[in-house]
There are 2 protein chains.
Amino acid sequence: MTFTIKDVAKLANVSIATVSRIINNQTGYSEKTKKKVLEAIEELGYEPNAVARGLINKRTHTIGVLFPKLSSTLVTDLLSGIEKATHDAGSSVIVCHTESNGEKTMKYLQLLNEKRIDGIIFTSAPLLEEYYQYIKKMNVPMVLLSTETYAHPVPYVKVNDRHAAYTATQFLINKGHEKIGMISGNKDDIISGKPRIDGYISALQDHNLPIDEKKIIYNRGFSFYDGMDSLKTLLKQAPDLTAVFAASDELAIGAISSAYQLGIKVPDELSIIGYDNLSIAEMSVPPLTTVAQPLTEMGEMAANMLFEMLNSDKLIESRIMPHKIVERKSVRDKEV
Amino acid sequence: MTFTIKDVAKLANVSIATVSRIINNQTGYSEKTKKKVLEAIEELGYEPNAVARGLINKRTHTIGVLFPKLSSTLVTDLLSGIEKATHDAGSSVIVCHTESNGEKTMKYLQLLNEKRIDGIIFTSAPLLEEYYQYIKKMNVPMVLLSTETYAHPVPYVKVNDRHAAYTATQFLINKGHEKIGMISGNKDDIISGKPRIDGYISALQDHNLPIDEKKIIYNRGFSFYDGMDSLKTLLKQAPDLTAVFAASDELAIGAISSAYQLGIKVPDELSIIGYDNLSIAEMSVPPLTTVAQPLTEMGEMAANMLFEMLNSDKLIESRIMPHKIVERKSVRDKEV
DNA sequence: TTGTATGCGTTATCAG
DNA sequence: CTGATAACGCATACAA
């Protein structure tokens, strides 16, 4: 049995209006009736119906989060932060797994629209024009997480990929390395592919080190297996490398596995630095030195920004989150 | 601007009742009016309000999923399966991160109740009496995932932990190992702690191998760091071990890291088998042999069971999912 | 085949 | 301080 405000009103001998006032702690009732009503609520175990509330308030206290993939700790860390901030703000999160599929994404957006969610966090994927237009029509705030768009004024939170890649490469250079390769993601990926390559190249240039196409491997994605394959071909093309910057931790760990198979000692013969600082980074052998994104904080930040927009509906600034090197054991000084 | 059924009705020159009938493709209207209405819907870009529907139909097409932690690929794999099946069934999932905290869990349950979700999947944690009672009062179906309860008739989906642990241990035995240690989780954990220990012991007994308390390490949890520490003390207590069964992949990989630090070669000097088959298992060096749980399928199964209960509301049977050994490189024959 | 009217559980606007 | 009552957007019983 589930009770309504009516049942409470009847039991407390007041009108539903009064009950409503008390539930929403507004003004306009005596302490005495308040007590009476509260007791009735307690006795019945009444809990308000958020669906009815949503209908009238036009606020469902639910947000939608779109992920291109779910099975990666990168995503979970983001989700974890989003969920925390969202729950702290008294809302819930609906997860949507788009698989980077346009049709699926549109279906999800439609679903979210029908559910009248309050806002959207769009993560780790390019915001296609089609998506943007649809969300604009939905008329709910949106923030981009771990991605950004140049085409429209949508606030985002991410690290500066170019800068972070620069930092990683520079770290290697500062350790005395000069022959530094890169295992990159997809260079056609404007968000996280190209910028990291650019950062790597910039760092090399700024330190008067030569750029050599043979020292860069381009992959489709950022996966472990890409990393395994990449190291092999990389070393074939440029056998004298002493260090490698991998554009993701998975790529880096794939490279480490490959190195192990090839009998190359990390970091003694080859230094490897990753990107992300996922939980797997500390679990690898040797533990992976990497440039960390504050993923959980990023998730929290994105959610908080969304709620800010929801409550004030003014424009909001994007956030470039700080990255930092987490030094573990996969990089060492180049002996001189 | 967001339109309602009223706007559609007006534009199509029919009553809202007719529009409603057409949207829900019921009978009782001419092809001609149907066309008219559909055109109006198209023109306005009308999309039904699921909140209003939820209020009247008493079905929100939303389910709640409770996780004790979010940041682990174990959880993501489960979630991934749940999300898929749920979306295929036309519903959405709200994720709740309880942190194994009783108070938080109750808060989440209350939230889910207020939101009038259709059902609950409760994962990877003991179902406390308090939770059960509350959910029972909520009067929505629930299924347990990767956990179970003896106290109440709640359907669950999980592997048989005891059996799976037995299989893992037996695998080691069949490879010729006789001195086999175990790095276990929490022995007070009735769901995944104790049963795996029991399975290990059973396998030893059935093969006439001695049980030795010194060969078992008990941990608080199943984490990487627990695994690192455990291997060290384990080898101190029982230096002649040739193989170890770890009760989770994280424990196993922690053990591998430890072995590496100690200069012990895996699998040449020590074989290690894990439990779960997370994505990290294939990424370790050497790749981890482990007993696999079909996590994604388990998630799908749980969701499907929930929808079955929702649609027929008869009792449903629990499922013991099959486990299997995934042989990689961390276990080898004991040389004779 | 179609339309009117009522209710789902709230909130909010009125009077009183 | 309190209570009717009209929305919110939709589904449906009942009339027509």
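Every chain is numbered from 1 and lettered A, B, ... according to where its sequence line falls, protein lines coming before strand lines.
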Worksheet item: Phosphate oxygens OP1/OP2 of C:dG3: is one of them under 4.0 Å from a side-chain N or O of B:Thr18?
Response: yes
Item to complete: Grab the CD1-C1' distance between A:Ile22 and D:dC1 for me, whole Å please.
Response: 11 Å
Worksheet item: What is the distance from atom CD1 of A:Ile117 to atom CZ of A:Arg59, rounded to the nearest 0.5 Å?
Response: 11.5 Å
Fill in: Aromatic centroids of A:Tyr108 and B:His87 separated by under 6.0 Å
yes
Worksheet item: Which part of the nucleic acid, if any, lies within contact of A:Val14, taking any heavy atom under 4.0 Å across all strands shown: a base, the sugar-phosphate backbone alone, or nothing?
Response: sugar-phosphate
Worksheet item: Would you say the side chains of B:Ser192 and B:Asp161 form a donor-acceptor pair under 3.5 Å?
Response: no
Item to complete: Write down the atom of A:Pro153, the atom of A:Tyr132, and the distance for their closest heavy-atom approach.
Response: CD-OH, 4.0 Å
Fill in: Residue-phosphate contact under 4.0 Å: A:Thr33 side-chain N/O, D:dT2 OP1/OP2
yes
Atom pairs under 3.5 Å, N or O on each side, protein against nucleotides 9-13 of chain C: can you list them with distances?
{"from": "C:dG9", "atom 1": "OP1", "to": "B:Lys58", "atom 2": "NZ", "distance (Å)": "3.4"}
{"from": "C:dT10", "atom 1": "OP1", "to": "A:Tyr46", "atom 2": "OH", "distance (Å)": "2.8"}
{"from": "C:dT10", "atom 1": "OP1", "to": "A:Asn49", "atom 2": "N", "distance (Å)": "3.0"}
{"from": "C:dT10", "atom 1": "OP2", "to": "A:Ile5", "atom 2": "N", "distance (Å)": "2.7"}
{"from": "C:dT10", "atom 1": "O5'", "to": "A:Tyr46", "atom 2": "OH", "distance (Å)": "3.4"}
{"from": "C:dT11", "atom 1": "OP1", "to": "A:Asn24", "atom 2": "OD1", "distance (Å)": "3.1"}
{"from": "C:dT11", "atom 1": "OP1", "to": "A:Asn24", "atom 2": "ND2", "distance (Å)": "3.2"}
{"from": "C:dT11", "atom 1": "OP1", "to": "A:Arg53", "atom 2": "NE", "distance (Å)": "2.8"}
{"from": "C:dT11", "atom 1": "OP1", "to": "A:Arg53", "atom 2": "NH2", "distance (Å)": "3.3"}
{"from": "C:dT11", "atom 1": "OP2", "to": "A:Ser20", "atom 2": "OG", "distance (Å)": "2.8"}
{"from": "C:dT11", "atom 1": "OP2", "to": "A:Asn24", "atom 2": "ND2", "distance (Å)": "3.3"}
{"from": "C:dA12", "atom 1": "OP2", "to": "A:Gln26", "atom 2": "NE2", "distance (Å)": "3.3"}

For residues 75-82 of chain A, which side-chain N or O atoms pair as donor and acceptor with protein atoms under 3.5 Å away, sequence neighbours left out?
{"from": "A:Thr76", "atom 1": "OG1", "to": "A:Ser72", "atom 2": "O", "distance (Å)": "2.8"}
{"from": "A:Thr76", "atom 1": "OG1", "to": "A:Thr73", "atom 2": "O", "distance (Å)": "3.2"}

Discussion item. Rounded to the nearest 0.5 Å, what separates atom NZ in B:Lys35 from atom CD in B:Glu42?
Written reply: 13.0 Å
Response to the item:
B:Asn25 atom CG is separated from D:dA11 atom P, nearest whole Å, by 11 Å
Discussion item. If I take atom CZ in residue B:Arg59 and atom P in nucleotide D:dT12, what distance separates them, rounded to the nearest angstrom?
Written reply: 13 Å
